[in-house]
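What you are looking at is a predicted structure, and each value in this text was computed from that prediction instead of being measured.
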Amino acid sequence: MPAKGVSLGTEAAQQVLAGGSAGLVEICLMHPLDVVKTRIFGFYKGILPPILAETPKRAVKFFTFEQYKKLLGLSALPPGLVFAMAGLGSGLTEAVVVNPFEVVKVSLQANRGAQTDSTFAQARRIARTEGLGLRGLNKGLSATLGRHGVFNMVYFGFYFNVKGLVPEIQDPMLEFLRKFGIGLASGTFASIINIPFDVAKSRIQGPQPVPGEIKYRGCWKTMSTVYSEEGFLALYKGLLPKIMRLGPGGAVMLLVYEYSYAWLQKHWW
């Protein structure tokens, strides 16, 4: 918690910097896992766009989590539930911010061989032809809200509740490993629980099976369609690479955030 008497602006700056640092370090460490699927060398090729996108996104995640936690801490909610609800709030806020970027990213990936638009040009094209609403730059918003809301609810709720139950260890290295293990479990469980929303988001925002016909519309309807046509396991496609990415990546983010935030609170000028 911030020191007594610290202004909201200072607190916010510390949280944003710590959250951004967490995202930056996580991308630098985990980016090779995204690249190794297609090439062996040049693990850090193409890392700049993820850094530019993920660093502010993580800053939003951790800053809003802290603010929701502080706000909900004034309520009559049990402390353990406060962490989960603050995580849910941060995830929903994060989803609103990132969804247009997700729409553009998925569109670029789907049309990679057909055109060479820049990210900005693709965003302008979508806004011009489809608008800013749920058929344009905010397509798939409900699925993105579910994906980020559920992930962060489990991610933060599990981490801070379990961390409070498992006794601290005096040895710094063992204490680091304790937190890393809990963070790893947090990222893994959150990935397992939220992946159906991820699948729905990809179907809604990606190319439709029949051009000109919208088959996947709405989060729950899309999950129901996938389940009825392809079976239960189709809702968990891509789970293993997701866990490999967000299990350790989630642990890295939490630890970098905690240690950098503590350092900033101590050394803030």
Within one Ile-Leu-Val-Met-Phe-Trp-Tyr cluster: Leu132 and Leu145, side-chain cutoff 4.5 Å: no
Taking every non-hydrogen atom, the tightest pair across Val60 and Glu94: CG1-CA, 4.3 Å
Residue pair Tyr261 / Gln15, side-chain donor-acceptor N/O under 3.5 Å: yes
SB check Lys163 Glu258 (cutoff 4.0 Å): yes
Glu102/Arg147 salt bridge by N-O under 4.0 Å criterion: yes
Residue pair Ile243 / Ile192: nearest heavy atoms and the distance that separates them: CD1-CG1, 3.8 Å
Heavy-atom pair with the smallest gap, counting every atom of Met223 and Ala200: CG-CB, 3.8 Å
Salt bridge present between Glu130 and Arg135 (N-O < 4.0 angstrom): no
NZ or CZ of Lys61 within 45° of Phe151 ring axis and under 6.0 Å: no
Verify same cluster id: Phe197, Tyr216 (apolar side-chain graph, 4.5 Å): yes
Mutual orientation of the aromatic rings belonging to Phe62 and Tyr257 [parallel < 30°, tilted 30-60°, perpendicular > 60°]: parallel
salt_bridge(Arg245, Glu26) N-O dist < 4.0 Å: yes
More than 12 heavy atoms from other groups under 6.0 Å of CZ on Phe101: no
Under-4.0 Å salt bridge between Glu230 and Lys237: yes
salt_bridge(Glu229, Lys215) N-O dist < 4.0 Å: yes
Residue pair Leu254, Tyr155: steps toward the side chain to side chain contact (heavy atoms under 4.5 Å, CB included) verdict: CA-CA 10 Å; Leu254 284 166; Tyr155 180 62; 3.2 Å; yes
Phe65-Phe156 aromatic ring centre distance below 6.0 Å: yes
Donor + acceptor pair across side chains of Gln67, Glu11 (<3.5 Å): yes
Cationic tip of Lys179 above Tyr259 ring, under 6.0 Å, 45° of axis: yes
Under 3.5 Å side-chain donor-acceptor pair for Ser7 and Thr10: yes
Shared hydrophobic cluster, Val150 / Val199 (ILVMFWY, side-chain heavy atoms < 4.5 Å): yes
